[in-house]
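The structure under discussion appears below in the form of structure tokens.
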Number of protein chains: 2
Amino acid sequence: MATAPDSGKFPSAATLAPARGARKASDQTIYDSIYEAVLTQRLPPGSRLPEVALSEMFGVSRSIVRKALTRLTSDHVIEQRPNQMAMVARPDVEETRQIFAARRLVESEVMRLTAGTLSKARVQELRKLVKDEKAAHDSGRDQDRVHCSMEVHRFLARHCPNQVLGRMMRDLVLRTSIVIALYKSPGITACFLGDDHGRLATLIAKGDGEAAAALAHDHLVALENLLDLNDDSRPIDLASILRPPS
Amino acid sequence: MATAPDSGKFPSAATLAPARGARKASDQTIYDSIYEAVLTQRLPPGSRLPEVALSEMFGVSRSIVRKALTRLTSDHVIEQRPNQMAMVARPDVEETRQIFAARRLVESEVMRLTAGTLSKARVQELRKLVKDEKAAHDSGRDQDRVHCSMEVHRFLARHCPNQVLGRMMRDLVLRTSIVIALYKSPGITACFLGDDHGRLATLIAKGDGEAAAALAHDHLVALENLLDLNDDSRPIDLASILRPPS
DNA sequence: CCAGGACAAGATGTATACATTTCGGGCTCG
DNA sequence: CGAGCCCGAAATGTATACATCTTGTCCTGG
């Protein structure tokens, strides 16, 4: 029936990698698997996540799955409504704009704080991530490219001296990934903006926090502008429109 | 035995208000009750929260309680370690500094965005909160004063046009409340700084976002300076120091 | 042929049984 | 007298049974 444009297929067992053989898994394992799959856009927005299917996949009872799903809901990775299957979040246009605005604020500050604090070894790691991204881009492996691009931002979030802000940035990076999957303009392979990540790495290494912050800010503005955020357009979310008070 | 300076008493039934008569309660009810109790410092950092006690108090099974506790952990209200009772969070000095830094960043921006967007009715509500706080302060009802002070910030977070940032601010306000309870200098009744909240309300109403942001920033700097954050000092958290990898 | 309702499959919501772990009291042995 | 061990109360970890709700199918009556 599909009142709303639902991407709703079930995740194939292959989509959620570490489910092999139904070995015992902790709720952290399940959380990580789904998180990673959403981050890399293997699980598109709207994907449904039935508890029983997951519990069989991971070889645990529904209790564990439910704990993982509750945490994923708290982190805005999925949405849970009473008596309905959990599904990967589908933020509307307004929330998308708010996510970008919040991320610009937070990520800029993270750049300021992180610049000049990375050890040589860490800088090398960072440069490798950037190189991998470029390689994936050049050889057209789009899946890998998205993955590597996310890893650049996550690396910086993870190594920010202020871990409270770092954690916020981590969450915002994920939500950004979701809205990109939702709203990216059809033709665009997109999101490989110049060599922004390479230049960012250089500024971070050099310790120029202000320039890094400015670059990150502009990077995110450019990214948002690549999206198709005309209110009326695409995923006409009838569901949320037609949902009265209750 | 108490290896760490544990505030650890169990919450009396009276501490968690809406537990009357063991009526059925949703996980949201439990979440809210504990959240509110922590926010207003009725449940001090380190307080233990046994699942069975809570389930009896609220008249539900442990499943519901566990869901509430999982969410509270996600929001950094409580800490859960494997096989140990949940307890109200006790951030260390470093995390405290990070919380304040993050909150300065976020709350300043929230002020910028919120200034000039409140309806007349909303401004009235805000002024009433400020008035209530002052009244509580003047009559020495410290509990009420803390509550009202928190409500001012939460009101602004709730009515920020950017709800993603608003939600972040809400979480940071709570964590601030926790660290104030932990690290406030003994003698200080504190945290009623001049008439900052009153002036803030005026600036917000007038629409001067920049001034409001600056005031909020300075307000938070002053607040942090009231705390006793000498690394070596008070709550010598042996527990976390002596906890090896596992 | 279509509209409408009964029904069944399958999902989540909740409670509970049982396994496992923690931790303190108290006994025993040096 | 004190150190160390044993053990049991009580907490959490996990699985599962059962209730309830949602939803799609199929049957029936107009």
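Reckoned from all heavy atoms, side chains included, excluding hydrogens, waters and symmetry mates. Letters A, B, ... mirror the listed sequences (proteins, then strands); counts begin at 1.
- At least one donor-acceptor pair closer than 3.5 Å links the side chain of Ser55(B) to the backbone N or O of Val52(B).
- Here dG13(C) presents its P atom at 12 Å from CE of Met85(A), a figure rounded to the nearest Å.
- Annotation: of the two residues near DNA chain D, Arg62(A) and Ala86(B), the 5′-most nearest-nucleotide partner is Ala86(B).
- The side-chain tip of Arg71(A) does not point at the ring of Tyr35(A) from less than 6.0 angstrom away and within 45° of straight on.
- Contact annotation: Ser61(A) reaches the phosphate of dA15(D) (side-chain N/O to OP1 or OP2, under 4.0 Å).
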Item to complete: Start with the C-alpha distance between Thr40(A) and Asp144(A), add both sets of side-chain angles, then the distance that settles side chain to side chain contact (heavy atoms under 4.5 Å, CB included), and finish with yes or no.
Response: CA-CA 8 Å; Thr40(A) 61; Asp144(A) 286 353; over 6 Å; no
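- The interatomic distance linking Glu51(A) (CD) with dC21(D) (C1') rounds to 13 Å, in whole Å.
- At least one donor-acceptor pair closer than 3.5 Å links the side chain of Gln98(B) to the backbone N or O of Gln163(A).
- What separates CG of Leu54(B) from P of dA15(C) is a distance of 14 Å, to the nearest Å.
- In this structure, CG of Leu49(B) is placed 19 Å from P of dA10(D), rounded to the nearest angstrom.
- Side-chain contact, Thr29(B) with Ser26(B): a donor N or O sits under 3.5 Å from an acceptor N or O.
- Within a heavy-atom distance below 4.0 Å of DNA chain C, the residues of residues 66-80 of chain A found are Arg66(A).
- Comparing dT22(C), dA11(C), dA15(C) by their nearest atom to the side chain of Asn83(B) picks out dT22(C).
- Glu51(A) has a carboxylate O that lies under 4.0 Å from a charged side-chain N of Arg66(A), or vice versa, which qualifies the two as a salt bridge.
- Arg81(B) places its CZ atom 17 Å from the C1' atom of dA11(D), with the value rounded to the nearest Å.
- Note: CD (Glu56(A)) to P (dT16(D)) measures 12 Å, nearest angstrom.
- Straight-line distance from the CD atom of Gln84(B) to the C1' atom of dC23(C): 10 Å, rounded to whole Å.
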